[in-house]
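Taking it in order: structure first as structure tokens, then the write-up.
Keep in mind that this is a model prediction, so the values were computed, not measured. Every chain is numbered from 1 and lettered A, B, ... according to where its sequence line falls, protein lines coming before strand lines.
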Amino acid sequence: MVFIPKYNLIEELKWRGLFHQDVPGTEELLMKEMVSGYVGFDPTADSLHIGNMVPIILLVHLQRAGHKPYALVGGATGMVGDPSGKKSERTLLNLETLNHNLACQKRQLEQFLDFNADSNSAEVVNNYDWFQNFGFLEFIRDVGKHISVNYMMAKDSVKNRLEEGMSFTEFSYQLVQGYDFYYLWKEKNVKLQMGGSDQWGNIVTGTELIRRKGEGEDAKGYSLTAPLITKADGSKFGKSEGGNVWLDAEKTSPYEFYQFWMNTTDADAERYIKIFTLHSKSWIDNMISAHQEAPHQRALQKELAKYVTTWVHGESGYETALAATEILFGNGTSESLRSLSEKDFLSVFDGVKKSEVEEIEGVSIVDLCGDTGFLASKSEARRALKENSISVNSEKVNEDFTFSNADLINGKYILLQRGKKNKFLILKK
RNA sequence: GGGGAGAUACCAGAGCGGUCAAAUGGGGCAGACUGUAAAUCUGCUGCUUCGGCUACGUAGGUUCGAAUCCUACUCUCCCCA
């Protein structure tokens, strides 16, 4: 059977800005046969975040091009800790946390890939499966023997830590990850490892291991990395006020998730639409020129936010986020808030922080803001009120404002806002 | 083991007996302008019942008065062995 890829993966990744570097011969390989390729995920948290989306998208493209994707969850590597890009030694996770994280991540990965394709179904593998019974002596004889310390020391992930210091555990990390590649190559005919550019060092340790330990002419591993996603202003991609932007709706609500993409700057949006959506090149080019003609419409941001939110949270997640956005950023007046049914109201404010109070009649705005956890203290509440930044039910109020029962929406809710983006919901018991 | 330097707010970092809730920069938040953008400008960035109160690694001490001086302790970094 002759293999014809659906498209040239490397070319596709290049115009999308998802290509950083590869080892020579990778493109030829991808054009001539169905390739099994993998990406590893680090189980440091119980949810993936948008920083993990690029590696996931690499797998998605791999599969769309007709190849077979493997997602590796790092049960074993997670126990060691990847030193890449870290300034200091990492704390080790206990087994229980690790397993919980693995299970959660596995579920999330499954929503992006096709597990029921004819010949190139995705698979999830866990490197703990092949490491759990791998003895230390066996490992250092079988694996350690093939890689010199000099070689390992030359890696940036190690070099950058020579001043600060690093434990033997983290030093060994690249061997563990390298062995993963070797194992998958040998057992599952996986020839390609992909990842972020920070993973280059770890990946080539794997290809090196395949070259030295593998037998025959075919003993060659290929690799491909995506660039680090940057923001135009130089700050770190993937963080919002609350820290990471998670894929888990419990940790980052669909509304917040949608808003994250909505707030992308123009320059970044033009790059992100290529990276985070699967739209075609011509479609995107049109979109970008349309956006440049009428930038205030924010068409790019809206499409980007819609696409990614739907991908991660489904249609319903997107609908909720959009409804909330229209109310809060549209001509959001007190009336439009009050016109919502209780059910809609609650779903709109699903991701907004809340607090309950006993009584509202006669309570001053300062007390309410300070005591409910909306603002850190009454002093801060006073300051914010002087800055004219506090709104009650979408209407600005001053320091003398006192609540009455008439302010309750549906007889039990009050919406507090500081500025445009910080919202808080008060529930009367 | 010997010698040296240091620990100040979210971070970096000044202050070295009263005028210090503590310079300056960064970050963060808000306001103006806008397009929920960027840039720019402005304000704020310990708590408070607005009387005060608690804070400059920890615990004591000197003093009318301590972030500042003394003692001990803890921790960090550097140099030598």
Checklist outcome for this item: pair_partner(B/G6), Watson-Crick or wobble, both distances < 3.5 Å, evaluates to B/C75
Checklist outcome for this item: note: A/Arg383, atom CZ; B/U42, atom P; distance rounded to Å ~ 20 Å
Item to check | Any donor-acceptor N or O pair under 3.5 Å, side chains A/Thr325, A/Gln259 | outcome: yes
Next on the checklist: How many whole angstroms separate atom CG of A/Leu375 from atom C1' of B/A30?
Outcome noted: 11 Å
Item to check | A/Thr265 side-chain proximity, nearest of B/A38, B/G35, B/U48 | outcome: B/A38
Checklist entry - Would B/G61 be called syn or anti, given that syn covers angles within 90° of 0? => result anti
Next on the checklist: Side chain of A/Lys420, heavy atoms from C-beta onward: which of B/U36, B/C29, B/U48 has the nearest atom to it?
Outcome noted: B/U36
Checklist outcome for this item: Rounded to whole Å, the CD-C1' distance (A/Glu303 to B/G35) equals 18 Å
Item to check | Electrostatic pair A/Lys251:A/Asp46 at N-O distance under 4.0 angstrom | outcome: yes
Checklist entry - What about A/Tyr258 and A/His313, are their ring centers closer than 6.0 Å? => result no
Next on the checklist: Please tell me if A/Asn388 has a side-chain N or O lying less than 4.0 Å from either OP1 or OP2 of B/A30.
Outcome noted: no
Item to check | C1'-based separation of B/G57 from B/U68 [nearest Å] | outcome: 15 Å
Checklist entry - Mind checking who B/A12 pairs with, Watson-Crick or G-U wobble, both distances under 3.5 Å? => result B/U24
Next on the checklist: If you compare every side-chain N and O of A/Arg382 against the phosphate oxygens of B/U49 (OP1, OP2), does one of them come in below 4.0 Å?
Outcome noted: yes
Checklist entry - Between B/G35, B/U36, B/C47, which nucleotide has the shortest distance from any of its atoms to the side chain of A/Gln301? => result B/G35
Checklist outcome for this item: Picking from B/U36, B/A37, B/U49, the nucleotide nearest the side-chain atoms of A/Asp266 would be B/A37
Checklist entry - Are A/Arg418 and A/Glu380 close enough for a salt bridge, meaning some N to O gap below 4.0 Å? => result yes
Next on the checklist: Tell me whether the side-chain N/O atoms of A/Lys421 come closer than 4.0 Å to OP1 or OP2 in B/A37.
Outcome noted: yes
Checklist entry - Considering only B/A37, B/G35, B/C29, which nucleotide approaches the side chain of A/Arg418 most closely? => result B/C29
Item to check | Whole-Å P distance, B/C47 and B/A22 | outcome: 13 Å
